[in-house]
2 protein chains.
Amino acid sequence: MVDHLDPTPLPRQLASILRAAIEEGEYQRGDPLPSESTLVQEHGVSRGVVRQAMEILRYEGLVVTIQGRRSYVARTR
Amino acid sequence: MVDHLDPTPLPRQLASILRAAIEEGEYQRGDPLPSESTLVQEHGVSRGVVRQAMEILRYEGLVVTIQGRRSYVARTR
DNA sequence: GAGAATTTGTACGTATGTATG
DNA sequence: ACATACATACGTACAAATTCT
């Protein structure tokens with residue numbers, strides 16, 4: 001869970017959480033991640049934070065995002 | 001000037017404008033760029049747009065930003 | 001050194017547009 | 001057509017770092 005008292009910016013915290021979930025196989029290659037609004041509710045952060053977290057994971061090549069659909073775990077890497 | 005009718009996202013438009021100004025020598029290596037609030041006023045965009053434009057230029061290695069100071073034209077590249 | 005002003009950093013909320021289901 | 005989901009842009013508030021008085 002993200003920690004508002006931890007000085008680490010929330011997007012980085014959330015990215016770490018999702019990265020760990022991917023690496024532990026909770027989301028497999030090609031699987032969709034939860035939607036932005038779902039992540040907002042589940043983690044108690046704003047949509048902006050969720051989007052920045054996704055941006056981090058996209059930059060790392062871990063996920064790809066498709067407008068109108070979802071963010072998916074990248075197949076290649 | 002940024003163009004709200006141009007479908008190109010405003011941060012990319014502004015980044016292009018600043019990149020051109022740097023390449024044309026308007027801002028030299030080590031020079032500070034205008035502050036965020038100045039760019040907001042001069043270009044008629046929100047602060048978020050200015051910050052995203054700077055993020056693009058940082059990613060390109062063209063500028064470096066220091067909290068409480070300014071963004072500066074990178075010396076190295 | 002203290003305090004105010006300036007500047008960048010983080011986070012939130014809202015509105016509207018675009019693409020997909 | 002409607003609902004869902006991501007994209008862009010605005011505004012606000014406060015924190016943190018720096019600079020100026």
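Residue numbers start from 1 in every chain, and the chains themselves are labelled A, B, ... in the order their sequence lines are given, proteins ahead of strands. Values reported hereafter were calculated over all heavy atoms of this structure, with side chains retained and with hydrogens, waters and symmetry mates removed.
The two atoms that bring A:G44 and A:M1 nearest to each other are N-CE, 4.5 Å, heavy atoms only. Scanning all heavy atoms of the two residues, the minimum distance from B:L10 to B:H4 falls at CD1-NE2, 3.6 Å. Looking at every heavy atom in both residues, B:A53 comes nearest to B:P11 through CB-O, 3.5 Å. Looking at every heavy atom in both residues, A:L39 comes nearest to A:P34 through CD1-O, 3.7 Å. Nearest heavy-atom pair, B:H43 versus B:I17, reported as atom, atom and distance to 0.1 Å: NE2-CG2, 4.1 Å.
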Contact list (N/O, under 3.5 angstrom) for nucleotides 18-21 of chain D vs protein:
unit_1: D:dT19; atom_1: OP1; unit_2: B:R69; atom_2: NE; d: 3.3
unit_1: D:dT19; atom_1: OP1; unit_2: B:R69; atom_2: NH1; d: 3.2

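Through direct or indirect side-chain contacts shorter than 4.5 Å among Ile, Leu, Val, Met, Phe, Trp and Tyr, A:I66 is connected to A:V64, A:Y72. Membership of an apolar cluster is not assigned to B:L5, as no side-chain contact below 4.5 Å to another ILVMFWY residue is traced. Other residues sharing the hydrophobic cluster of A:Y59, ordered by chain and number and joined by side-chain separations under 4.5 Å: B:Y59.
In the helix from C:dA2-D:dT21 to C:dG21-D:dC2, the terminal helix axes, each the rotation mapping four pairs' C1' atoms onto the next four within five end pairs, subtend 0°, rounded to 10°.
Along DNA chain C, read 5' to 3', the first and last nucleotides having any atom under 4.0 Å from a heavy atom of chain B are C:dT7 to C:dT10.
Of the residues in residues 5-22 of chain A, A:P9, A:L10, A:P11 come within less than 4.0 Å of DNA chain C through at least one heavy atom, sorted by number. Taken residue by residue, residues 34-49 of chain B places heavy atoms nearer than 4.0 Å to DNA chain D at B:V45, B:S46, B:R47, B:V49.
Other residues, nucleotides and ligands contribute only 12 or fewer heavy atoms inside 6.0 Å of the CZ atom of B:R12.
Shown here are the salt bridge (charged side-chain N to carboxylate O under 4.0 Å, His left out) partners of B:R19, two or more places apart in sequence or in another chain: B:E60. For B:S37, the side chain to side chain donor-acceptor pair (under 3.5 Å) criterion is met by B:S35, not counting sequence neighbours. Listed by chain and residue number, A:E36 satisfy the salt bridge (charged side-chain N to carboxylate O under 4.0 Å, His left out) test with A:R51 (two or more places apart in sequence, or in another chain). Take A:Q41 and apply the side chain to side chain contact (heavy atoms under 4.5 Å, CB included) test, not counting sequence neighbours, and it matches no residue.
Between B:I56 atom CD1 and D:dT8 atom C1' the separation is 12 Å, expressed in whole Å.
Note that CG of A:L62 and CD1 of A:I56 are 11.5 Å apart. Values are rounded to the nearest 0.5 Å.
Under the 4.5 Å side-chain heavy-atom criterion for ILVMFWY residues, a single connected hydrophobic cluster contains both B:M54 and B:V40.
Residue-level contact check: B:R51 touches the bases, meaning some heavy atom is under 4.0 Å from a base atom.
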